[in-house]
There are 2 protein chains.
Amino acid sequence: MALEHAIMVSLAERAGSGYELARRFERSIGFFWAATHQQIYRVLKRMDDAGWVQAETVAQDGRPDKKVYTVSALGHDELRRWLAEPTEPAPMRDELAVKLRGASLGDVQALYDEVARHRDLAATRLDGYRVIEKRDFPDPARLTGRNLHHYLVLRGGIRVEQGLVDWYEEILRALEADR
Amino acid sequence: MALEHAIMVSLAERAGSGYELARRFERSIGFFWAATHQQIYRVLKRMDDAGWVQAETVAQDGRPDKKVYTVSALGHDELRRWLAEPTEPAPMRDELAVKLRGASLGDVQALYDEVARHRDLAATRLDGYRVIEKRDFPDPARLTGRNLHHYLVLRGGIRVEQGLVDWYEEILRALEADR
DNA sequence: AGATGCAATGCAACCCGTTGCATATCAATC
DNA sequence: GATTGATATGCAACGGGTTGCATTGCATCT
């Protein structure tokens, strides 16, 4: 599984607690690899047992203690091993596509509305990505190394969302013409 | 879950056995909702117990018996209920994106090769979709109802794969420029 | 004659993700 | 004074997906 490795990639960039990781997964990393705090805590513990990360308890004033995790040498070895390993493309899972395929067995107008809703959701996410793109990568041609890689991941998110928006609008146009 | 409903959508189009369904999931339906034969057999049994489908054992000569499943009235009710229900967009899961984000922690050249491999895989899938598009939907403007819906699902597959190919090529160009 | 492969169905074990719940501290608000 | 909300961590149960294995019959290939 890749959750361990996604967490280590994030921790290698900057050490952090489970709670902080959960918030990172809601933002940047979570755009292409989702995880809840329960998953993260469980996996962090497993990785601690395996020696991939080390925890340091940090007392804070005005807040509960936190455990700040760092990737160990063993963890870095594992990360390199995993990075070198080939990755199989994940099979697609699109529930809306299943509903579209079965649309004529139910209420086509309801599906139309649902597609419009998904279009709006995707357009909102796309806007969010574009804001990050302009804010964090104003001059993409000059990027190198890690920053370039981060930018390219964001580009993937933008392309996927744009593709979805275009698809949803094609569906809406076609369903209107079929009414 | 949607596997039950994906199976019912498929069975509503045409009755079939678990084995036949497994092959359909390798082709058309599986493009946007993957399932193995073990999953399918298990779920078919569950649906039979729930009364959503009915099985009829059919003897064949030269081949083992098969159980041909049909969607029952109760199953159609459940399908309509599910189709009317809102669908939440599934969170993305892209392992290659995680590796790209952590690329500088490992061998960047190996990642380059891996991206090239994924580009080739996506391009092959895309070609397959385009063949189906030309063969089964030569005149998309005239499509209506169920055929239109099937076409629109295929269009989604084409758009997604094309988006991936474009993304992978952007990555390859950028990594070359960064060498 | 033996091996491979396809058609056809199924069990069992394991892992992962989801959901619901629980707990504690402090700040800010009502 | 009580409630909400953020910070912070965690357990337990359930359900779905994955993987490995098992069986039977026939056809075809070596």
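Source: prediction; values computed, not measured. So that the names make sense, note that chain A is the first sequence line, chain B the second, and so on, each numbered from 1.
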Side chain of B:Y19 only, please: which of D:dA8, C:dT9, C:dT18 is the nearest?
C:dT9
Whole Å only: how far is the CD atom of B:Q38 from the C1' atom of D:dG16?
14 Å
Separation of D:dA8 atom P from A:Q60 atom CD, nearest Å, is 5 Å
Who clusters with B:V68? Use side-chain heavy atoms, under 4.5 angstrom, across I, L, V, M, F, W and Y, and order the result by chain and number.
B:V58
In whole Å, what is the span from the CG atom of B:L21 to the P atom of C:dA8?
12 Å
Which pairs of donor and acceptor atoms, one on a side chain in residues 18-25 of chain A, lie under 3.5 Å apart (sequence neighbours left out)?
| from | atom 1 | to | atom 2 | distance (Å) |
| --- | --- | --- | --- | --- |
| A:E20 | OE1 | A:S17 | N | 2.9 |
| A:E20 | OE2 | A:K66 | NZ | 3.1 |
| A:R24 | NH1 | A:S10 | O | 3.0 |
| A:R24 | NH1 | A:S10 | OG | 2.9 |
| A:R24 | NH1 | A:R14 | O | 3.0 |
| A:R24 | NH2 | A:R14 | O | 3.1 |
| A:R24 | NH2 | A:A15 | O | 3.2 |

By salt bridge (charged side-chain N to carboxylate O under 4.0 Å, His left out) - contacts of A:D49 (at least two apart)
none
Listed in order of residue number, which residues of residues 39-55 of chain A have a non-hydrogen atom at under 4.0 Å from DNA chain D?
A:Y41, A:K45
Could you tell me whether B:R80 and B:D77 have a side-chain N and a carboxylate O separated by less than 4.0 Å?
yes
How long is the line joining CD of B:E20 and P of C:dA7, in whole Å?
10 Å
Here the distance between atom P of D:dG5 and atom CZ of A:R23, to the nearest Å, is 18 Å
For D:dG17 and A:R93 - does any side-chain N or O of the residue sit under 4.0 Å from the phosphate oxygens OP1/OP2?
yes
Indicate yes or no: does B:R119 engage B:E169 in a salt bridge with an N to O separation below 4.0 Å.
yes
Using the test ring-ring contact (aromatic ring centres under 6.0 Å, His included), find all partners of B:H37 that sit at least two apart in sequence or belong to another chain.
B:Y41
At what angle, to 10 degrees, do the two end axes of the helix from C:dA1-D:dT30 to C:dC30-D:dG1 meet, given five pairs define each axis?
20°
Does A:D136 have any side-chain contact (heavy atoms from CB on, under 4.5 Å) partners at least two apart in sequence or in another chain, and if so, which?
A:I132
Hits for ring-ring contact (aromatic ring centres under 6.0 Å, His included) against A:Y129, two or more places apart or cross-chain, chain-then-number order -> A:F31
Salt bridge (charged side-chain N to carboxylate O under 4.0 Å, His left out) partners of residues 146-163 of chain B, not counting sequence neighbours, each pair once:
A:E170-B:R155, A:E170-B:R159, B:R125-B:E161, B:E133-B:R155
Listed once per pair and sorted, the salt bridge (charged side-chain N to carboxylate O under 4.0 Å, His left out) pairs that draw on residues 82-91 of chain B, sequence neighbours left out
A:R117-B:E88, B:R81-B:E85
B:S17 has its side chain closest, among C:dT9, D:dT19, C:dC21, to C:dT9
Please collect all salt bridge (charged side-chain N to carboxylate O under 4.0 Å, His left out) contacts where either partner lies in residues 29-48 of chain A, sequence neighbours excluded, each pair once.
A:E4-A:R46
Summary of protein contacts for nucleotides 22-27 of chain D, nucleotide by nucleotide, where a base hit scores B, a sugar-phosphate-only hit scores S (4.0 Å, heavy atoms)
----S-
